[in-house]
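Have a look at the structure below, then the notes.
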Amino acid sequence: MSSESHALHGHDAHDDHDGAAEHGSLKSYMIGFVLSVILTAIPFWLVMSGAIADRQVTAIVIMIFAVVQIVVHMVYFLHMNAKSEGGWTMMALIFTIILVAIALTGSLWVMYHLNANMMPSHEMLNQLP
C-alpha cells in the first residue's frame, strides 16, 4: 500500500482527531495516579487514627474526598474536559449527574415521608381492648 493510498483512507501520520479527547501522556497518568493514592490515603488515615472525633464530620470529609477523587479520575483517566467531543461528553456527564441527583433526592424524600407517616401499628395494637 503506497503512502498516497494510505493517506486517502484517512490514515495520515499527522491525522487530527477533530476535537476528540487527547490520549494521556505518562506524566498525566502519573499525576492522576499520585492524586488518587493521596485522595485514598488521607481518608483512610482519618478513619484509622481517629483524627476527627465526630463520626458525622468524618463521613462528610470522606464523601468530599470521594467526590474530588471522582473528578480526578474523570479528568486524568477518562480525559473528560469541556473541549473533548465538542463539549458533548461534559454535557452528557452534567445531564447524568442531574438525573442521578433527582432520583436520589426523590427516593430519600419518599422514604423519609413513608417512615414519618406510617401508622404506628405496634402502638395501635397495645391500645385495643
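FYI, side chains are in, hydrogens and waters are out, and symmetry mates aren't considered; it's all heavy atoms of this structure. Since this is a predicted model, take the numbers as computed values, not measurements.
The cluster map of Ile, Leu, Val, Met, Phe, Trp and Tyr, joined by side-chain heavy atoms under 4.5 Å apart, puts Ile102 and Met111 in different clusters. Side-chain heavy atoms closer than 4.5 Å link hydrophobic residues (I, L, V, M, F, W, Y) into clusters, and following such links, possibly through other members, connects Met80 to Ile94. Under the 4.5 Å side-chain contact rule for hydrophobic residues, Leu46 and Phe44 do not share a cluster.
Residues satisfying the side-chain hydrogen bond (donor to acceptor under 3.5 Å, both in side chains) test with Ser28, not counting sequence neighbours, are none.
Contacts classified as ring pair (Phe, Tyr, Trp, His ring centres under 6.0 Å) and involving residues 82-114 (residues at least two apart or in different chains) are given here: Trp109-His113.
Within 6.0 Å of atom CZ in Phe77, more than 12 heavy atoms from other residues, nucleotides or ligands are found, so the atom counts as buried in its surroundings. Surrounding OH of Tyr29 are more than 12 heavy atoms belonging to other residues, nucleotides or ligands, all under 6.0 Å away.
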For residues 57-76, please give each side-chain donor-acceptor pair under 3.5 Å, one per line with the distance, not counting sequence neighbours.
| unit_1 | atom_1 | unit_2 | atom_2 | d |
| --- | --- | --- | --- | --- |
| Thr58 | OG1 | Ile52 | O | 3.3 |
| Thr58 | OG1 | Asp54 | O | 2.9 |
| Gln69 | NE2 | Ser36 | O | 2.8 |
| Gln69 | NE2 | Thr40 | OG1 | 2.8 |
| His73 | NE2 | Ser36 | OG | 3.3 |

